[in-house]
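Numbering of residues begins at 1 and proceeds along the displayed sequence. Order of listing sets the numbers, starting from 1, for every ligand and every atom in it. Remember, it's a predicted structure, so these values are computed and weren't measured experimentally.
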Amino acid sequence: MDIRLGNGFDVHRFVPGDHVTLCGVDVPHDQRLDGHSDADVAMHAVTDAIYGALAEGDIGRHFPPSDPQWKGAASDIFLRHAVELAKSRGFSISNVDVTIICEKPKITPQSSNMVTNMAQIMGLEPGRISVKATTSERLGFTGREEGIAAIATAALVAR
Ligand SMILES: Nc1ccn([C@@H]2O[C@H](COP(=O)(O)O)[C@@H](O)[C@H]2O)c(=O)n1
Ligand SMILES: C[C@@]1(CO)OP(=O)(O)OP(=O)(O)OC[C@H]1O
């Protein structure tokens, strides 16, 4: 059986604002994440994990941050592309697991909405998607609330 694993990691910085978008869900917060796109750090990590499993480079290779076309783009565009690429290469996505690292906002109250949204975008059963969170115990840039990090794993199986 051909099984592929990929990992993804992303960071976006906080700037003044009123919400963050994580796994496509708008979560009220007293700051927002800065980026060329909507800066959905969790969706970017999942997207990169899929590209990684396919040995297809990273999100910036497919959607260059220098391309004005992606300015303010909703990140589901990137995730849908990675999912379609997996399909076109003959792979099904078995599961994805993403951990969001921040002190605030609290993720757990929104994690089931995030799973539902990602499942819909990816055409997967919700049971194949995991969204978790941790603080960094006030250590480092996430601990100082300078930004949010996310790390993801994806497992793909040949159909
Ligand atoms: N932004 C966050 C961070 C954490 N959680 C939840 O709290 C639990 C405890 O976090 P620790 O970093 O103290 O281990 C964690 O397991 C999450 O369930 C959260 O919802 N949002
Ligand atoms: C998503 C892209 C799209 O231009 O831009 P950003 O939103 O800045 O996100 P990042 O993860 O820093 O880089 C990847 C880019 O492809």
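Between A49 and T153 the shortest heavy-atom distance is CB-C, 4.0 Å. Of all heavy-atom pairs between L79 and I121, the closest is CD2-CG2, 3.7 Å. Across all their heavy atoms, A82 and I50 have their closest contact at O-CG2, 3.6 Å.
Heavy-atom distances between H12 and ligand 2 reach below 4.0 Å in at least one pair. Heavy-atom separations between A73 and ligand 2 are all 4.0 Å or longer.
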Check: Given D76 and M122, is the side chain to side chain contact (heavy atoms under 4.5 Å, CB included) satisfied, shown in steps?
Finding: CA-CA 9 Å; D76 66 285; M122 299 176 77; over 6 Å; no

Next item on the list: Kindly indicate, with the supporting measurements, whether the criterion side chain to side chain contact (heavy atoms under 4.5 Å, CB included) is fulfilled by L85 and E56.
Entry: CA-CA 9 Å; L85 193 58; E56 268 290 345; 3.6 Å; yes

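A salt bridge links K132 with D97; the closest basic N to acidic carboxylate O contact falls under 4.0 Å. Taking the charged nitrogens against the carboxylate oxygens, E103 and R144 have no contact shorter than 4.0 Å, which rules out a salt bridge.
Checking only distances, S37 does come within under 3.5 Å of ligand 2, N or O to N or O.
Using a 4.0 Å cut-off to heavy atoms of F78, the atoms of ligand 2 that qualify are 1 (C), 3 (C). For ligand 2 and G60, the ligand atoms under 4.0 Å from any heavy atom of the residue are 16 (O). For ligand 2 and P64, the ligand atoms under 4.0 Å from any heavy atom of the residue are 4 (O).
Classified by interplanar angle (parallel below 30°, tilted 30° to 60°, perpendicular above 60°), the ring pair W70/F78 is perpendicular. Aromatic ring orientation, H62 versus H81: tilted (interplanar angle from 30° to 60°).
Closest to atom 13 (O) of ligand 2, if we only count protein heavy atoms, is I59 CG2, 4.4 Å. Closest to atom 6 (P) of ligand 2, if we only count protein heavy atoms, is H36 N, 3.6 Å. What sits closest to atom 11 (O) of ligand 2 on the protein, heavy atoms only, is D10 OD2, 3.0 Å. The protein non-hydrogen atom at the shortest distance from atom 15 (C) of ligand 2 is F63 O, 3.5 Å.
Remark: aromatic rings of H36 and F63 are distant, center separation not under 6.0 Å.
At a threshold of 4.5 Å between side-chain heavy atoms, the hydrophobic network of Ile, Leu, Val, Met, Phe, Trp and Tyr places F9 and I107 in two separate groups.
Annotation: ligand 1 has protein neighbours C102, E103, P105, K106, I107, T108, A133, T134, T135, E137, each with a heavy atom less than 4.0 angstrom from the ligand.
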